[in-house]
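Here is how names work: the chains are called A, B, and so on, in the same order as the sequence lines, proteins then strands, and each is numbered from 1. Since we're looking at a predicted model, the values are computed, not measured.
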Amino acid sequence: MMTYEELQELAASEVEKQEQHDYCVRVCLAAGCLSLYNDEIKNALEIAVEDRGLGDKVAIKGVGCMGLCAAGPLVSVEPDGVLYERVSVDDAPAIIDALGKDPVEHIHCPLDIPFFERQQKIVLENSGVVDPESIEDYLTRQGYEALMIALTEMSSAEVIDEVVRSGLRGRGGGGYPTGLKWQTVAKAMGDTKYVICNGDEGDPGAFMDRSVLESDPHRIVEGMVIAAYAVGAQKGYIYVRAEYPLAIERLKLALRQARRHGVLGDNILGTGFNFNIEIRLGAGAYVCGEETALMASIEGNRGNPRPRPPYPADHGLWGDSTLINNVETFANIAPIVRNGGDWYASIGTEGSKGTKVFALAGQIQNTGLIEVPMGITLREIVEEIGGGTPGEKAFKAVQTGGPTGGCIPKEYLDVPVDFDSLVELGSIMGSGGMIVMDETSSMLGVARYFMEFCMTESCGKCIPCRVGTAQMFRLLDKITKGQGTMTDLELLEELCDLTKYASLCGLGQSAPNPVLSTLRYFRHEYLEQIIDAPEPVA
Amino acid sequence: MRHRTKVDLPSDDKRWKMVQGTMRRNGFRPDALIETLHTCQEAFGYLDDEALLFVSRALHVSPSKVYGVATFYHFFNLKPQGEHTCAVCTGTACYIKGAQDIIDTLSEQYDIAPEQTTEDDKLSLMTVRCVGACGLAPAVVLDGEVLGNVTPDQMRQHIDEVMNHDDV
């Protein structure tokens, strides 16, 4: 067991150790760059340093996601403030030789582009900077300082108060006020309470949580321990997708380190507070992102959701009061406690505070991970940060909110992004996946794709979702093949309505969204495919 | 306290010890079912009837429930996989960037539908839910290694490479 003073000493000695090196070369080792063999580049850099006898001057550090996945593998050099893109093993000696001089021209990535300048990092402030496998490195970035403040200087009610004041809303997609959720769990009866971190990032096209878990796992641990203190929980679970092996490995390591350093387990930092965390692996069921289904899965059952109320706050895991938040929500907690709720509330819009992490993908120049203040327009994200669509192809729509979100056409690009405005447009914020589509993408095809996904992922418990998604898919498939009639279209719209209002959980309730939003903005594409369409085909 | 009788391992195969280890770590509680199935699949590559029945007895969970859980979750395979597995990501970004072309090409080349294994048990062609490598779309996971920005032709070459490697 360590005290906070000992942790601070550890942080100080780590800073001292790092300062002995004149240069730090950071190599992105998140899943994206790793699959482009950045680990081999790291080895090559180490050899180049060794060959030049610079071992005590230059540190090579493996770090998490730097964001601009499109230009990977990425390597950055501090204090030069240089970023290298599309690095190959052969570039390693040149990078080391250029330390403190002009950067290597052909792989130099300018940092004064909107992709970097328009971002505001809170959740991702450590991503691409700290070594995710080192608790010492995390400590040098004010790591576990918020936990110490919460445990020693604040009552649990005061912690919740800061979260309420911050205006933080759940980042998993629903946008439920986090502070309110914490209050409800804190007030709930019963001695046993649980804290669950939902890392079952099931939306195809979304990789925010994977990046956070791979790049800064201690941030999640810290957020969860603070939450446990605030609501009075003794045990926590992190539910992660089995498809994210690297994230699981780094989380396991982080939990071991946290226990050894006394910030997790019994008598945390000598304050007498006990809290432990276990990892539970998902097994590839989209519906397990729904909170009641997720809890059923932790209990070892099929991931079937159940009706709410009772909400998990009253009747959660094994019938006890349970707080369940998303990875990104927990990642916001430490900065909120450290800097105060008012600071966080000063960022963003009236109804949606703070920043949001988005995964930009699809037909866009700068695919990758971005964090922007709420209220930024879609146009700024797509055209400035994302660099627009590649080649000559024109932008057509941006899809937000995953398979249960919607497609937003170019007419609405100037709408500020927050929870409420996206709902008005017939889409949802969702967990933060943003897929850009150009004129070559068929909106009907996209609707069919998502319906197939929802049909496959429907757990089958309630009939509107099980049968509704299958029938809607059948109709969409028929229309796509040019065999649909106006009657089919009417039936499709009727089924959308029925499935939306009669389904048990969020999956069925929002499964029609992609169809409804494409019908709203791209109805002509449906009509073009229908054989007895009344309108002349454009 | 539930009455527990010791359940014998199905065989001397050391891998059963791994499976038992996971159950022991979780106190043989029924809620360790999914964790145990994960270990089982990791050890044996897939879940056969023998494995499901062993887990059922050891955790005191009915066989129908074990089977129900194993078939509910896509991650669990109830059939053995080929020597090599090629899993094409079908996430949205990969869909937009032509994952279907890759599936169609490979399907035709090796004469198997997705989720099937070639007759010589050399290759399984799978489709997987988003692997979160959207920045590299379209992405394919070949024997556990993520390959990004691939074309159907490149994929064919990659697969031929790993398969020929075995023949040498």
Side-chain angles (χ1 to χ4, degrees), chain A residues 31-32 34-36 68-70 72 201-211 241-245 247 280-286 288 297-304 318 359-363 367-369 399 402-403 433 435-438 440-441 445-446 449-450 453 456-457 459-460, chain B residues 22 25-26 29-39 41-42 47 55 59 61 64-77 87 89-100 127-142 144-150:
Chain A
L34 203 54
S35 74
L36 297 168
L68 192 55
C69 304
E201 185 172 56
D203 281 2
F207 52 97
M208 302 76 52
D209 296 350
R210 175 182 64 73
S211 292
R241 295 181 66 190
E243 288 92 335
Y244 289 172
R280 279 283 185 265
L281 300 190
Y286 178 66
C288 286
S297 184
I298 291 182
E299 291 171 9
N301 302 317
R302 290 165 69 105
N304 284 341
W318 289 298
L360 263 182
Q363 308 285 17
T367 54
L369 202 68
Q399 206 277 342
I435 312 279
V436 178
M437 293 175 254
D438 66 19
T440 58
S441 296
V446 170
Y449 165 82
F450 283 125
F453 181 88
T456 320
E457 295 298 336
C459 79
Chain B
T22 299
R25 256 199 316 283
N26 288 283
R29 287 190 317 271
D31 62 85
L33 177 55
I34 296 174
E35 292 292 301
T36 310
L37 293 179
H38 270 300
T39 312
Q41 176 154 311
E42 209 175 292
L47 306 169
V55 173
L59 293 179
V61 178
S64 69
K65 183 175 170 188
V66 174
Y67 187 72
V69 167
T71 49
F72 181 87
Y73 294 98
H74 303 298
F75 197 79
F76 297 128
N77 301 314
C89 175
T90 55
T92 321
C94 294
Y95 164 78
I96 296 286
K97 291 207 163 178
Q100 194 57 46
T127 55
V128 284
R129 299 167 359 116
C130 185
V131 293
C134 313
L136 309 168
V140 175
V141 187
L142 182 59
E145 192 182 328
V146 180
L147 306 170
N149 298 316
V150 288

Inset, instruction - For chain B, find which of Cys69(A), Cys288(A), Gly300(A) contributes the most heavy-atom pairs closer than 4.5 angstrom. - result: Gly300(A)

Flag the pair [X] / [Y] as yes when at least one side-chain heavy-atom distance between them is below 4.5 Å, and no otherwise.
{"X": "Glu145(B)", "Y": "Leu34(A)", "value": "no"}
{"X": "Val131(B)", "Y": "Phe207(A)", "value": "no"}
{"X": "Tyr449(A)", "Y": "Ile96(B)", "value": "no"}
{"X": "Asn304(A)", "Y": "Phe72(B)", "value": "yes"}

Heavy-atom cut-off 4.5 Å, strictly under: side chain, backbone, both or neither for [X] against chain B?
{"X": "Tyr286(A)", "value": "both"}
{"X": "Leu36(A)", "value": "side chain"}
{"X": "Leu281(A)", "value": "both"}
{"X": "Ala206(A)", "value": "backbone"}
{"X": "Ser297(A)", "value": "both"}
{"X": "Arg241(A)", "value": "side chain"}

Legend entry - Sequence-distant partners of His38(B), ring pair (Phe, Tyr, Trp, His ring centres under 6.0 Å), two or more places apart: Phe75(B), Phe76(B)

Working to the nearest 0.5 angstrom, can you tell me the gap between [X] [atom1] and [Y] [atom2]?
{"X": "Cys134(B)", "Y": "Ile435(A)", "atom1": "SG", "atom2": "CD1", "result": "6.0 Å"}
{"X": "Ser35(A)", "Y": "Leu147(B)", "atom1": "OG", "atom2": "CG", "result": "7.5 Å"}
{"X": "Phe453(A)", "Y": "Cys130(B)", "atom1": "CZ", "atom2": "SG", "result": "8.5 Å"}
{"X": "Arg302(A)", "Y": "Leu33(B)", "atom1": "CZ", "atom2": "CG", "result": "11.5 Å"}
{"X": "Thr456(A)", "Y": "His74(B)", "atom1": "OG1", "atom2": "NE2", "result": "7.0 Å"}

Legend entry - Interface residue of largest heavy-atom contact number with chain A, from Gly132(B), Ala137(B), Ala32(B), Gly135(B), under 4.5 Å: Gly132(B)

Legend entry - Salt-bridge contact Arg129(B)-Asp203(A) (side-chain N to carboxylate O under 4.0 Å): no

Inset, instruction - List in chain and number order the residues that pass salt bridge (Lys or Arg N to Asp or Glu O under 4.0 Å) with Glu35(B), two or more places apart in sequence or in another chain; answer none if no residue qualifies. - result: none

